[in-house]
S.K.: 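One structure coming up, written as structure tokens, with questions to follow.
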2 protein chains.
Amino acid sequence: MPPSAAESPSPTPPPRRRGAYAKSEQRRRDILAAAVTVFGAHGYRAGSLKEIADLVGMNPTSLFHYFPTKEALLQAVLDERDAVSDQVALDGEPMVSRAEDVPALFLRIARNNESLPGIIGLYTLVAAESSTPGHPTREYFIERYRRIRRQFASGFALMHEAGLLAPGITPEYAASSTLGLWDGVQMQWMIEPEAVDVVEHLRRHLSMITTLEV
Amino acid sequence: MPPSAAESPSPTPPPRRRGAYAKSEQRRRDILAAAVTVFGAHGYRAGSLKEIADLVGMNPTSLFHYFPTKEALLQAVLDERDAVSDQVALDGEPMVSRAEDVPALFLRIARNNESLPGIIGLYTLVAAESSTPGHPTREYFIERYRRIRRQFASGFALMHEAGLLAPGITPEYAASSTLGLWDGVQMQWMIEPEAVDVVEHLRRHLSMITTLEV
DNA sequence: GTCTATAGCCGGATAGAC
DNA sequence: GTCTATCCGGCTATAGAC
């Protein structure tokens, strides 16, 4: 699963006027970073505000000055990452211009993810959790998975037009199967990191559904 | 992910002597069934004993007469399903004797799973959850995933010897990629059941990694 | 074997002093 | 903006009457 491809200098919050707010802004970002760690390690329900507060070295109640509820904090984390990944892929648009570059992009994202285990855990864990009734980010993840399948499919459609997909492979199947394999192998990796190589599995899958040697 | 392939008449508990215990034994099984439903819907941490007790129509504290702790109840659920699935596949042994039958067995299990959404949710959710530090079934799932990969690989090894695997596909890669795709597509299905067809994805994956028309 | 009562803990969240 | 004190809720689990 591809949480993001680019680096962290988040462009989301509007630039503050001057000195007094700078520290506050930094605090806010520290909290978001800590939330990624904690939600990524324990999921949303089991992740506690106390642990997040401990990580940034403040009192749990102080968090409410930055985020009104625990739910809002989670949503802020997800929105922040979305903003980052939107720099890479616009919804509905192919992610790259040249069909030949599509597999390489997938692998680049996967490789980059390896350096962000917290984010991986966050999205895989919370996605699974969010399928349960009454979960606050249920709708968000339904929408997210639809969007990812659409983005992937538009990339594979480029390849399809160029005759680069293996016989019988539709862009839609390529999209959902790639996403599925990615998520599933990542889950095996979370359970036992030494057991599988996510990037290598993705690479092999891509060479099977395309006619390229990736 | 393949929780089990056979039906529910659990062989696990030894047969009780006579009438007085029959009801108690039934209660125990009712509780296990309710636990599958609740843990399958909410996971382990968010699943409450109260909800399980409500489902079987008894007081939450009465559950402790059958299972000493919540953790023991979860473990009993997992063990029970393991016993069922052991009827189908013995650890280390190929799951079927004829190499040509291997893909069909996978599809049969997947099709059977469709009628057991609670079980699916249980294993997918709790597996994801169990990757978190300090989770009571962490070790269990590490072992379980190893075992499944081994079982799958021994089935694919049969096919390999018969020359039925596609060029470049090893039994080990066939195993981990099939498991991964299965889990990942199942996760998409849990998030939005209408979005993907698990059996069909599995079927296509199997026809790509083998030389059979499955 | 099932219940009531309750302990004990920890979670998120509020009020208000500083 | 950060803290202390505190409320309120749900949770697992225990004790003990019936």
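Per chain, numbering begins at 1; letters A, B, ... match sequence-line order.
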S.K.: Does Y44(A) have K70(A) sitting over its ring (NZ/CZ under 6.0 Å from centre, angle to axis within 45°)?
M.R.: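 Yes - K70(A) lies over the ring of Y44(A), closer than 6.0 Å to its centre and within 45° of its axis.
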
S.K.: When you look at R147(B) and E143(B), which way does the salt bridge (charged side-chain N to carboxylate O under 4.0 Å, His left out) test go after all the steps?
M.R.: CA-CA 6 Å; R147(B) 191 186 66 229; E143(B) 212 31 72; over 6 Å; no

S.K.: Compare side-chain N and O positions of R27(A) against OP1 and OP2 of dT2(D) and report whether any pair is under 4.0 Å apart.
M.R.: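 So the side-chain polar atoms of R27(A) do come within 4.0 Å of the phosphate oxygens OP1 or OP2 of dT2(D), strictly under.
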
S.K.: Choose from dC3(D), dT14(D), dG12(C) the nucleotide whose nearest atom is closest to any side-chain atom of L49(A).
M.R.: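 Of the options given, the side chain of L49(A) lies nearest dG12(C).
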
S.K.: Could you give the NE2-to-C1' distance, from H65(B) to dT14(D), as a whole number of Å?
M.R.: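 Answer to the nearest Å: 14 Å.
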
S.K.: Please classify the nucleic acid contact of S48(A) as base, sugar-phosphate, or nothing, using heavy-atom distances under 4.0 Å.
M.R.: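 Sugar-phosphate contact only.
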
S.K.: Could you tell me how far apart I31(A) (CD1) and dT2(D) (C1') are, to the nearest whole angstrom?
M.R.: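 Checked: the CD1 to C1' distance equals 11 Å.
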
S.K.: Are Y140(A) and Y145(A) close enough that their ring centers fall under 6.0 Å?
M.R.: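 They do not qualify: ring centres at least 6.0 Å apart.
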
S.K.: Report the distance from atom CG of N59(B) to atom C1' of dA5(C), rounded to the nearest whole Å.
M.R.: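 Those two atoms, CG and C1', are 10 Å apart.
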
S.K.: Any non-hydrogen side-chain atom of F141(B) less than 4.5 Å from a side-chain atom of L78(B)?
M.R.: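 Of all side-chain heavy-atom pairs linking L78(B) with F141(B), at least one is under 4.5 Å.
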
S.K.: dA15(D) P sits how many Å from F64(B) CZ, rounded?
M.R.: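 After rounding, the reported distance stands at 12 Å.
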
S.K.: Whole angstrom is fine here: how far is it from NZ in K50(A) over to P in dC9(C)?
M.R.: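 In whole Å, dC9(C) P lies 15 Å from K50(A) NZ.
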
S.K.: To the nearest angstrom, how far is D30(A) atom CG from dG1(D) atom P?
M.R.: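 Atom CG in D30(A) sits about 14 Å away from atom P in dG1(D).
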
S.K.: Specify the separation, in whole Å, of atom CD of E25(A) and atom C1' of dG1(D).
M.R.: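 My rounded result for the distance is 14 Å.
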
S.K.: Rounded to the nearest Å, what distance is computed from the CG atom of residue L63(A) to the C1' atom of nucleotide dG12(C)?
M.R.: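 Atom CG in L63(A) sits about 11 Å away from atom C1' in dG12(C).
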
S.K.: Parallel, tilted or perpendicular for Y173(A) and H201(B), by the 30°/60° rule?
M.R.: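 Tilted.
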
S.K.: Are any of S62(B)'s side-chain N or O atoms less than 4.0 Å away from OP1 or OP2 of dC3(C)?
M.R.: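 Checking S62(B) against dC3(C): at least one side-chain N or O falls below 4.0 Å of OP1 or OP2.
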
S.K.: Any N or O donor-acceptor pair linking the side chain of T61(A) to the base of dT14(C) at under 3.5 Å?
M.R.: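 Donor-acceptor pair under 3.5 Å: no.
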
S.K.: Would you say dG1(C) has OP1 or OP2 under 4.0 Å from some side-chain N or O of Y66(B)?
M.R.: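 Y66(B) to dG1(C) OP1/OP2: no side-chain N or O under 4.0 Å.
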
S.K.: Taking OP1 and OP2 of dG1(D), is either one under 4.0 Å from a side-chain nitrogen or oxygen of S24(A)?
M.R.: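 Yes, within the criterion.
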
S.K.: With a non-hydrogen cut-off below 4.0 angstrom, is F67(A) in contact with a base, only sugar-phosphate, or nothing?
M.R.: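 Nothing, no nucleic acid heavy atom in range.
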
